[in-house]
Enquirer: 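Before anything else, here's the structure in question.
Because only heavy atoms are used, hydrogens play no part in the values below, and waters and symmetry mates are left out as well, while side chains stay in.
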Amino acid sequence: MHTDLEGPTPESVGAFYDQVNSIVARVQGGSMHHGYWTGPDDDSDFATASVRLTDMMIERVAARPGARVLDAGCGLGRPGVRMAKIAGAEIVGVSVSEQDVRLANELARAESVADRVRFDQADMAALPFPDDSFDHAMAFESIMHVPDRVRALREIARVVRPGGRIVLTDFTVREGLHGRGDDTLAKVYDSWRVAASPIGAEDYPEIAAQAGIVLDEVTDITDHVKYSSMWTYLELRRYARDNPVPAEVDQILDVFAPTLKGTADRPPLTDTELEHGWRQMLTEEQTQGMVIVVARSPAP
């Protein structure tokens with residue numbers, strides 16, 4: 001369920017993204033979220049798959065021209081800017097990362113949408129906006145950085161007018177032999193500053209009920225986003241071989257150090273060996289995944 005974990009604070013999450021956002025965006029096709037592949041024969045690059053998932057979110061928000069949309073956890077601003085250009089919406093994005101906000105506003109200016117798109121530094125679980133000040137909200141791969149999903153969703157619902165859509169993606173973990181506890185998963189979550197406890201897709205009705213929002217859709221997209229990690233870790237390793245990287249990137253790579261960085265007794269696997277091994281693993285049933293959630297702010 002949504003049981004809280006002690007973990008990174010908003011300040012430490014912001015500091016993390018201040019250091020890694022440009023590098024992560026570079027290896028993930030320009031944004032900082034998973035890609036969506038149609039199936040194992042889809043040879044799209046990460047940038048194409050990333051835009052495909054962005055467009056799925058935009059479609060679900062379904063903002064009309066002039067609608068005001070909150071982008072909660074905006075990253076470098078690409079999804080929000082794309083929504084503004086496609087839907088004609090007004091976007092206000094927030095991130096706990098000062099660097100996110102700076103680069104996202106630069107993007108809005110470069111894309112000539114700064115008159116209706118802006119990004120501010122703020123915590124999505126303590127938003128600096130009045131009640132009912134947005135028509136809709138999007139939280140794209142960001143709610144997992146907040147220890148308490150229910151609190152975050154209540155806060156988002158507070159600023160979204162009654163009936164407005166709340167669309168988000170969230171990480172999920174299927175039950176295994178040891179429940180949802182896994183040492184490697186815990187290290188992955190820690191290296192990416194994931195604060196929220198592992199949940200399953202089946203937990204969202206209760207999470208929504210506790211948050212007081214009306215749940216319309218929970219779509220498991222695990223089999224379509226599962227290639228994202230392979231791309232990300234391979235490209236991060238390639239980048240780190242040729243460029244200095246901050247300690248935060250080293251921590252991400254250290255989770256899989258025996259294969260990515262090698263050991264005293266064994267050299268690292270080649271990129272070809274790694275990709276082959278990951279693709280073999282991805283033919284098996286996945287325990288770690290992702291859902292798209294669509295809900296509404298409740299009527300008064």
Side-chain angles (χ1 to χ4, degrees), residues 1-2 33 36 53-75 77-95 104 108 113 115-120 122-146 148-172 196 199-221 290-300:
M1 310 305 275
H2 78 279
H33 61 74
Y36 185 100
L53 186 53
T54 295
D55 287 349
M56 292 171 67
M57 296 290 282
I58 292 171
E59 179 182 2
R60 284 164 169 79
V61 173
R64 296 181 178 179
R68 194 165 189 250
V69 180
L70 171 69
D71 185 359
C74 61
R78 284 185 178 270
V81 166
R82 187 168 176 84
M83 182 183 292
K85 297 179 79 170
I86 290 176
E90 176 188 348
I91 309 296
V92 178
V94 298
S95 171
V113 292
D115 59 327
R116 52 195 172 90
V117 177
R118 83 166 198 267
F119 300 96
D120 301 326
D123 180 359
M124 65 187 290
L127 294 166
F129 306 115
D131 295 358
D132 303 337
S133 52
F134 293 92
D135 296 298
H136 310 292
M138 173 174 70
F140 200 171
E141 217 160 300
S142 56
I143 198 167
M144 61 283 296
H145 290 299
V146 181
D148 189 341
R149 287 177 174 88
V150 169
R151 176 186 171 190
L153 287 170
R154 282 177 181 159
E155 181 66 354
I156 292 170
R158 177 186 67 79
V159 303
V160 172
R161 64 170 175 78
R165 282 175 291 280
I166 299 169
V167 181
L168 62 100
T169 54
D170 200 352
F171 293 163
T172 56
I199 61 163
E202 68 277 8
D203 293 327
Y204 249 96
E206 182 176 339
I207 292 171
Q210 291 185 25
I213 59 177
V214 180
L215 189 63
D216 289 329
E217 173 192 345
V218 179
T219 299
D220 191 328
I221 58 173
M290 179 175 285
V291 290
I292 297 177
V293 178
V294 181
R296 284 171 284 130
S297 184

Enquirer: Answer yes or no: is there a side-chain heavy-atom contact under 4.5 Å between Thr54 and Arg78?
Expert: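 A side-chain contact under 4.5 Å is absent here.
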Enquirer: Between the main-chain N or O of Tyr204 and the side-chain N or O of Arg149, is there a donor-acceptor pair closer than 3.5 Å?
Expert: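 No: the side chain of Arg149 does not pair with the backbone of Tyr204.
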Enquirer: Check Val69 against Ala63 and note the closest heavy-atom contact, atom names and distance.
Expert: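 Looking at all heavy atoms of both residues, the shortest contact is CG2-CB, 3.8 Å.
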Enquirer: Identify the heavy atoms of Cys74 and Phe119 that sit nearest to each other, and give their distance.
Expert: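 Scanning both residues, the minimum pair turns out to be SG-CD2, 3.6 Å.
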Enquirer: Any heavy-atom pair between the side chains of Ile221 and Leu53 that's under 4.5 Å?
Expert: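 The answer is yes; the side chains approach within 4.5 Å.
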Enquirer: Kindly indicate, with the supporting measurements, whether the criterion side chain to side chain contact (heavy atoms under 4.5 Å, CB included) is fulfilled by Ile91 and Val81.
Expert: CA-CA 8 Å; Ile91 309 296; Val81 166; over 6 Å; no
Enquirer: Take a 6.0 Å sphere around CD of Glu217 and say whether it holds more than 12 heavy atoms from other residues, nucleotides or ligands.
Expert: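 Yes, because the 6.0 Å sphere around CD of Glu217 holds more than 12 heavy atoms from other groups.
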Enquirer: For Ala72 and Ser142, work out which heavy atoms get closest and say how close.
Expert: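 Looking at all heavy atoms of both residues, the closest pair is O-OG, 2.7 Å.
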Enquirer: Do Arg165 side-chain atoms and Ala62 backbone N/O form a donor-acceptor pair below 3.5 Å?
Expert: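 Such a contact is found between Arg165 side chain and Ala62 backbone.
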Enquirer: To the nearest 0.5 Å, what is the distance between CD1 (Ile292) and CD (Glu59)?
Expert: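 Output value for this atom pair is 9.5 Å.
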Enquirer: Take Thr169 and Met57, measure what side chain to side chain contact (heavy atoms under 4.5 Å, CB included) needs, and give me the verdict at the end.
Expert: CA-CA 9 Å; Thr169 54; Met57 296 290 282; 3.7 Å; yes
Enquirer: So does Ala126 get a backbone contact from the side chain of Arg151, meaning a donor-acceptor N/O pair under 3.5 Å?
Expert: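 Not a single qualifying donor-acceptor pair exists.
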Enquirer: First locate atom OG of Ser297, then atom CG of Asp135, and finally report the distance between them rounded to the nearest 0.5 Å.
Expert: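 Going from the OG atom of Ser297 to the CG atom of Asp135 covers 11.0 Å.
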Enquirer: Looking only at heavy atoms, which two atoms of Ile199 and Phe171 are closest? And how far apart?
Expert: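 Result for this residue pair: CG1-O, 3.7 Å.
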Enquirer: Any side-chain heavy atom of Arg296 within less than 4.5 Å of one from Asp216?
Expert: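 Yes - at least one pair of side-chain heavy atoms lies under 4.5 Å apart.
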Enquirer: I need the Arg60 CZ to Met138 CE distance, nearest 0.5 Å.
Expert: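 Reported value, rounded in 0.5 Å steps: 13.0 Å.
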Enquirer: What's the shortest heavy-atom distance between Glu155 and Met124, and which atoms?
Expert: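 The pair with the smallest heavy-atom distance is CG-O, 3.6 Å.
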Enquirer: Can you tell me how far CG of Leu168 sits from CD of Glu141, rounded to the nearest 0.5 angstrom?
Expert: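 These two atoms lie 11.0 Å from each other.
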Enquirer: Quick check: do Asp71 and Val117 have side-chain heavy atoms less than 4.5 Å from each other?
Expert: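 Result no, sub-4.5 Å side-chain heavy-atom pair not found.
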Enquirer: Can you confirm whether more than 12 heavy atoms, excluding those of Arg68, are under 6.0 Å from its CZ atom?
Expert: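 Yes.
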Enquirer: Are the side chain of Thr172 and the backbone N or O of Ala201 linked by a donor-acceptor pair below 3.5 Å?
Expert: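 Pair absent, no side-chain N/O of Thr172 close to backbone of Ala201.
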Enquirer: For the residue pair Phe134 and Phe129, does the interplanar ring angle fall in the parallel (under 30°), tilted (30 to 60°) or perpendicular (over 60°) class?
Expert: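 Ring orientation of Phe134 relative to Phe129: perpendicular.
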Enquirer: Counting N and O atoms only, with roles assigned by atom type, does the side chain of Arg116 sit under 3.5 Å from a partner on the main chain of Ala84, one being a donor and the other an acceptor?
Expert: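 Checking the backbone N and O of Ala84 against the side chain of Arg116, a donor-acceptor pair under 3.5 Å is found.
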Enquirer: Does the side chain of Ile58 reach to within under 4.5 Å of the side chain of Val61, using non-hydrogen atoms?
Expert: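 They are not in side-chain contact.
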Enquirer: Does some side-chain heavy atom of Ile143 sit less than 4.5 Å from a side-chain heavy atom of Val293?
Expert: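 Val293 vs Ile143: side chains apart.
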Enquirer: On a heavy-atom basis, which atom in Ala137 and which in Ile156 lie closest, and how many Å separate them?
Expert: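 In terms of heavy atoms, the two residues are closest at CB-CG2, 3.6 Å.
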Enquirer: Should Asp220 and Val218 be marked as a side chain to side chain contact (heavy atoms under 4.5 Å, CB included) after you check the CA-CA gap, both sets of side-chain angles, and the distance that decides it?
Expert: CA-CA 7 Å; Asp220 191 328; Val218 179; over 6 Å; no
Enquirer: Compare all side-chain heavy atoms of Ile213 with those of Val160 and state whether any distance is below 4.5 angstrom.
Expert: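 No, too far: nothing below the 4.5 Å cut-off.
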Enquirer: Any side-chain heavy-atom pair from Leu215 and Ile207 closer than 4.5 angstrom?
Expert: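 Of all side-chain heavy-atom pairs linking Ile207 with Leu215, none is under 4.5 Å.
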